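Since the structure comes first, as structure tokens, the remarks are kept for the end.
Just so it is clear, the values below take in all heavy atoms, side chains as well, and ignore hydrogens, waters and symmetry mates. Because the structure is a prediction, the values reported are computed rather than measured.
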Amino acid sequence: MPFLPKTRWRQLHRWVVPIAAAPLLLTAATGSLYSLLLEQGIDAFWLLKIHSGRFGPLNLQPFYSALLGVFTLVVVVSGLAMLMNRRRVRWP
């Protein structure tokens, strides 16, 4: 959507990135922490449940990986759109 003004892209990006990055960071952190603990002989299976999208009574496992993929694409596309908008303005 390069037809949005520069300030609008920045507002959209600032709103979307924290929402999209939270589950991505949670998945990366729980996967890394589980691996580190497993090497120490500690089996923290509950970390795998969080890693795969099961948050207690809220079970997102059936579509958690697709959700992470969509969030990744949203962050990348909004960042690239701002980058392309900046380059277009800088180089008339």
Side-chain angles (χ1 to χ4, degrees):
M1 288 188 220
F3 53 85
L4 288 176
K6 180 179 169 181
T7 56
R8 187 71 175 149
W9 271 117
R10 292 196 186 281
Q11 288 173 349
L12 183 64
H13 189 75
R14 284 186 190 132
W15 184 78
V16 167
V17 167
I19 294 170
L24 295 171
L25 291 173
L26 180 67
T27 301
T30 54
S32 298
L33 187 58
Y34 179 76
S35 295
L36 289 173
L37 290 176
L38 197 59
E39 291 207 9
Q40 299 297 318
I42 302 169
D43 187 16
F45 186 70
W46 58 273
L47 282 172
L48 283 183
K49 289 183 178 182
I50 295 172
H51 179 76
S52 62
R54 186 172 186 120
F55 306 105
L58 181 61
N59 185 10
L60 300 176
Q61 285 178 326
F63 47 88
Y64 192 64
S65 60
L67 183 71
L68 290 175
V70 167
F71 281 162
T72 302
L73 290 174
V74 164
V75 169
V76 168
V77 167
S78 69
L80 284 175
M82 283 192 329
L83 182 66
M84 298 300 284
N85 196 5
R86 186 182 80 192
R87 286 187 179 173
R88 187 178 48 206
V89 169
R90 186 179 277 177
W91 301 99

ILVMFWY network linking [X] to [Y], side-chain heavy atoms under 4.5 angstrom:
X	Y	result
Leu24	Phe63	yes
Leu68	Leu60	yes
Trp46	Tyr34	yes
Leu67	Val70	no

query = Val76 and side chain to side chain contact (heavy atoms under 4.5 Å, CB included): which partner among Leu80, Val74, Leu73?
reply =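 Exactly one pass, corresponding to Leu80.
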Please list, one pair per line, the donor and acceptor atoms closer than 3.5 Å that link side chains of residues 50-58 to other protein atoms, with sequence neighbours excluded.
residue: His51; atom: ND1; partner: Thr27; partner atom: O; Å: 2.8
residue: His51; atom: ND1; partner: Thr30; partner atom: OG1; Å: 3.3
residue: His51; atom: ND1; partner: Gly31; partner atom: N; Å: 3.4
residue: Ser52; atom: OG; partner: Leu48; partner atom: O; Å: 3.0
residue: Ser52; atom: OG; partner: Lys49; partner atom: O; Å: 3.2
residue: Ser52; atom: OG; partner: Gln61; partner atom: NE2; Å: 2.8

query = side-chain hydrogen bond (donor to acceptor under 3.5 Å, both in side chains) with Asn59: which residues, sequence neighbours excluded?
reply =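 Once residues adjacent in sequence are excluded, Asn59 has no partner under the side-chain hydrogen bond (donor to acceptor under 3.5 Å, both in side chains) criterion.
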message = Applying side chain to side chain contact (heavy atoms under 4.5 Å, CB included), can you list everything that pairs with Leu37, at least two apart in sequence or on another chain?
response =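 Once residues adjacent in sequence are excluded, the partners of Leu37 under the side chain to side chain contact (heavy atoms under 4.5 Å, CB included) criterion are Leu33, Ile42, Ala44, Leu47.
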key: Minimum heavy-atom distance between Tyr64 and Leu26, given as atom pair plus value   = OH-CD2, 4.4 Å
